[in-house]
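Everything on this sheet refers to the single structure shown next.
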Amino acid sequence: MSIRLRLTLTYSIVLGVILLVFSITVSAALYWTLLSSVDESLDSTVSEIVSNIAPPRLQLAPSGELSLLFRLPPELDIFRASTSYVQIWRDDGTLSSASDNIAGYGQPLDPEALNTTVDTRRNVLIAGTSPLRVFTHPLVAGDRIVGRIQVAQSITTVLDAQKGVTLLMIVIGILALGTSLFLGGGLIERALRPIESIAQAASQIATGDDLSRRIPYNGPPDELGRLTTVFNATLGRLENLFIAQRRFVADVSHELRTPLTVIQGNVDLIRRYGADDDSLMAIGNETRRMTRLVGDLLLLAQADAGELPMLKQNLELDTVLLEVFEQAKILSEGKTTVRLGRFDPVRVYADPDRLKQLLLNLVSNAFKFTPEGGTITLAVWPDGPTARLSVADTGEGIPAEDLPHIFDRFYRVDKARARRQGGAGLGLAIAHWIADAHGGRLTVDSTVGEGTTFTVHLPRQIPPPESLVETVHNIPIPATLKAPAKER
Ligand code: ADP
């Protein structure tokens, strides 16, 4: 059963029940109101008769028995004759007196109430007449009931009014139900239409593998509007992921194919002309490049899967930087000047090996893209709640249009050149991920022809003084390297 049909049926049933209860209540209220006004009129007639009735006197019956004689006051008989029927019954069950309009009717108006000892009101149906409301009132003399007065009025008007109202309610109910079914069904259909188009778009995407499709929605920003927006945003993300994944696979294949081609070519040469140093060196270089590439890819894959272990601990960032500074000096081989800039002690909670990896990636890029004679400056300092590390070079710089992409995987400004220098475009992606995994970020500032500065921002640890003792000094600081810190 469709949602539309289910919703329409449900609210129609609810509406139907409400209308039914309402109609029954209105009709019952009308019946009891009208009936109580009839009862009031009967009550007043009875009290009028009782107050005007002459005291009963004894009469001698033809059989020789003595009995009481009640007489209706003549004026009551005249005035009430048209609408009320009156009978006075003796306690022995014989009729004493009756109004003229039922003079010929010798039966009690309400036979069942003829022996009642309390006031009784009942609806009575006498064949050949309209339904009657009969009020029976015991007549008391001293402490004994001497007779009963029965007054009746037709309730045809009451029943007719009730019937009319019930009929009206049924007609109104049917009209209301029909209108609401028609209008409600239409409204539900309009409201559900976007869901239908979402389902259609989803199935087209599923069958056609077309993630570029979006669901058109021109309605108000209600629940369905939000659903459509979220669905479109999800599609956008999926599309981007899909494109990125496709590009990634293409990039990886390309990166692996080049060294494999070089190796294959050199192996062919060796087979044909025997081994020579150049071929062996080329094979060695390409193998190293591939090993590095596969290592980087593995690391990123583990990072994506959340499986890369992080051994975080309290550490002094300045000591990590000194370690990298030491290595950088060796790597520079005297062609580039490596120096320490601002050098303030800062403490962070981080994995020292990963931080070193991050810094070495930045430093090795600085070497690659800084011509001989250039300067690379490493610095570390606290800045409010943040610890900052920077690697600045006086190299060629990065064009502004490339800056937003340099942290993307496999992105290189000058592909051919970067590749010659051994880069696959993964170094910055890894550095970015490491900064991210520490709750920090990596930013870049560059001017073409002047140089580039990469800054790592990490959450700084400001521990209470007593915990300073527990700091892990896992990196020994060579005494000679402490000097630059003081020179600053
Ligand atoms: P690669 O391994 O190719 O160096 P990276 O992800 O480390 O890859 O860097 C991506 C690209 O960013 C590099 O190819 C280069 O074009 C640019 N780049 C990175 N660092 C620097 C820098 N210090 N100076 C100039 N360009 C840089």
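Along the sequence shown, residues are numbered consecutively beginning with 1. First listed ligand is number 1; within each ligand, the first listed atom is number 1.
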I3 side, atom CD1; T10 side, atom OG1 - distance, nearest 0.5 Å: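 One gets 11.0 Å once the value is rounded to the nearest 0.5 Å.
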Interatomic spacing from CD in E323 to CG in L321 - rounded to 0.5 Å: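 Taking CD in E323 and CG in L321, the distance rounds to 10.5 Å.
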If we set the cut-off at 4.0 Å for heavy atoms, which region of [X] has an atom near ligand 1: side chain, backbone, both, or neither?
| X | answer |
| --- | --- |
| I398 | side chain |
| Y411 | backbone |
| S446 | neither |
| T452 | side chain |

Atoms in ligand 1 with a heavy atom of [X] nearer than 4.0 Å:
| X | value |
| --- | --- |
| A424 | 2 (O), 3 (O) |
| K368 | 1 (P), 2 (O), 4 (O) |
| L426 | 6 (O), 8 (O) |
| V413 | 14 (O), 16 (O) |

Counting neighbours of [atom1] on [X] that are heavy atoms of other residues, nucleotides or ligands and sit closer than 6.0 Å, is the number greater than 12?
| X | atom1 | answer |
| --- | --- | --- |
| E112 | CD | no |
| K312 | NZ | yes |
| D277 | CG | no |

Polar proximity ligand 1 side, A429 side, N/O cut 3.5 Å exclusive: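 No; every N/O pair is 3.5 Å or more apart.
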Contact check: N365 vs ligand 1, nitrogen or oxygen atoms, below 3.5 angstrom: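 N/O-N/O distance under 3.5 Å: yes.
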4.0 Å heavy-atom contact, G395 with ligand 1: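 Heavy atoms of G395 never come under 4.0 Å of ligand 1.
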All N/O donor-acceptor pairs, side-chain side in residues 429-438, below 3.5 Å, sequence neighbours left out:
residue: H438; atom: ND1; partner: I434; partner atom: O; Å: 2.9
residue: H438; atom: NE2; partner: D351; partner atom: N; Å: 3.0

Nearest candidate to atom 24 (N) of ligand 1, where distance is taken over non-hydrogen atoms, out of F367, F369, F454, F410: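 Result: the heavy atom closest to atom 24 (N) of ligand 1 is in F369.
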Residue selection (non-hydrogen contact nearest atom 23 (N) of ligand 1) among I376, D393, I406: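 The nearest heavy atom belongs to D393.
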Student check: side-chain heavy atoms of T386 and L458 closer than 4.5 Å: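 The answer is no; the side chains never approach within 4.5 Å.
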Side-chain heavy-atom pair D344, V380 within 4.5 angstrom cut-off: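 D344 vs V380: side chains apart.
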Whether F407 and F454 hold their rings parallel, tilted or perpendicular, with breakpoints at 30° and 60°: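 Perpendicular.
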